[in-house]
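Letters A, B, ... are given to chains in the order of the sequence lines, protein chains preceding strands, and every chain is numbered from 1.
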Amino acid sequence: MPELPEVETIVRGVAPLLLGRRIEWIELRQPRVVVGEVNRAAGHRVIGVRRWGKHILLDLRRGRSTAHLVVHLGMTGQLRWDGDPGRHTHALLGIEGGITLLYNDIRQFGRLEWAERLPARLERLGPEPLEISEEEFVRRFRSRRSMVKPLLLNQSFLRGLGNIYVDEALFRARIHPRAQSHRLRPRRAAALHRAIVRVLTEAIEHGGSSVSDYVASDGRRGSFQLRHNVYRRTGCPCPACGAAIRRILVASRGTHFCPRCQRV
DNA sequence: ATCTATTCCTGGCTGC
DNA sequence: TGCAGCCAGGAATAGA
């Protein structure tokens, strides 16, 4: 599933193809994934390609008016410029110069949204995990009273983390997913911040994790799944201590951790 | 404020 | 081989 590192990889892949180019035409095939008048993007020039948490923002300009195309890939969304459209291609964007950008999404949890201004929903999301300072993270983290895992998944606390990288970061920081945020010592909260930064940075360097349908915009798979320590490794030995990795439900999410290394 | 359950959806898997 | 049933889960939503 596309989380911060996967979306970052896609953004880096499509940015050079889109920046400065005009969207010449748009074909929308599945109304379910379309929000607002996405068709209006045709004729606009792409002046920015950004990641916002797990969202992709295409900043558009036409004359003096600006707008955005907001892409969220949900669970199985893809943004690709290679390959051919198929039964899961829900939108096609014809880009000046001949490239066609495909929006594919098997489960249709993703959305393609037209926005005149950045939606308030996005403004309300928490800070970027790779931008927030350690001090600020520790302060925010310890001021909340919540289980650690649901808090990290909460996009209004931090934007961009999902199930994979929360499990992996908690393993690296040796924190139990059911630990209470306000009961963690500042040193441990700081260690969690460093674990988050490191796991996200490494994952970006490896092109993200291809666990279900994720591929980059050129169709290439990421390789960070080969470096997962706990995610979907139930029963496998913990790389640190050898104990069997366990899977439990936390906030009705599949959660993987080492019962020996990760204490409450 | 924080929690859980439900909804959307398809493909992959299990078991008969 | 076929098929029903279940599961995965991001995020919005409802309700506790």
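Salt bridge status for R121(A) with E123(A): absent, with no side-chain N to carboxylate O gap under 4.0 Å. Ion pairing of K54(A) with E3(A) is absent here, as no side-chain N (NZ or NE/NH1/NH2) approaches a carboxylate O to less than 4.0 Å.
Among the heavy atoms of the strands lying under 4.0 Å from G254(A) are primed sugar atoms or P, OP1, OP2 only; no base atom is included. Within 4.0 Å of R87(A), counting heavy atoms only, lie sugar-phosphate atoms of the nucleic acid but no base atom. Y231(A) comes within contact range of the sugar-phosphate backbone alone, with a heavy-atom separation under 4.0 Å but no base atom that close. Counting non-hydrogen atoms under 4.0 angstrom, R232(A) reaches the backbone sugars and phosphates but no base. Within the 4.0 angstrom heavy-atom criterion, only backbone atoms of the sugar-phosphate kind lie near Q155(A); the bases stay farther away.
Checking dT6(B), dG9(C), dT2(B) against the side-chain heavy atoms of N163(A) singles out dG9(C) as nearest. Residue R253(A) has its side chain nearest to dG9(C) when only dT4(B), dT10(B), dG9(C) are considered. If you check dT10(B), dA11(C), dT2(B) against the side chain of H72(A), the one that comes closest is dA11(C). Among the nucleotides dA11(C), dT2(B), dC3(B), the one closest to the side chain of M147(A) is dC3(B).
Once rounded to the nearest 0.5 Å, the distance linking CD of Q262(A) with SG of C241(A) reads 9.5 Å. Considering CD of E27(A) and CG of L93(A), their distance stands at 10.5 Å, rounded to 0.5 Å.
Using a 4.0 Å cut-off, some side-chain N or O of S146(A) falls inside it from OP1 or OP2 of dC3(B). For dG11(B), one of the phosphate oxygens OP1 or OP2 lies less than 4.0 angstrom from a side-chain nitrogen or oxygen of H88(A).
Put simply, CZ on R145(A) is 10 Å from C1' on dT2(B), counting in whole angstrom units. The distance between atom OH of Y165(A) and atom C1' of dG10(C), rounded to the nearest whole Å, is 15 Å. Atom CE of M75(A) is separated from atom C1' of dT7(B) by 14 Å (rounded to the nearest Å). The separation between L112(A) atom CG and dA11(C) atom C1' is 17 Å, rounded to whole Å. In this structure, Q30(A) places its CD atom 14 Å from P of dC8(B), rounding to the nearest Å. Distance R233(A) CZ to dA8(C) C1': 19 Å, rounded to the nearest Å. Rounded to an integer number of Å, the gap from D167(A) CG to dG10(C) P is 10 Å. Spacing between atom CG of L161(A) and atom P of dG10(C) amounts to 11 Å, rounded to whole angstrom units.
Nearest approach of S210(A) to Q225(A), heavy atoms of both residues: N-OE1, 2.8 Å.
In this structure, W114(A) has its ring center under 6.0 Å from that of H44(A).
Aromatic stacking of F109(A) on dA11(C): not satisfied for centres closer than 5.5 Å together with planes under 30 degrees.
Projected onto DNA chain C by closest heavy-atom contact, R121(A) and R107(A) fall at different nucleotides, the more 5' of which corresponds to R107(A).
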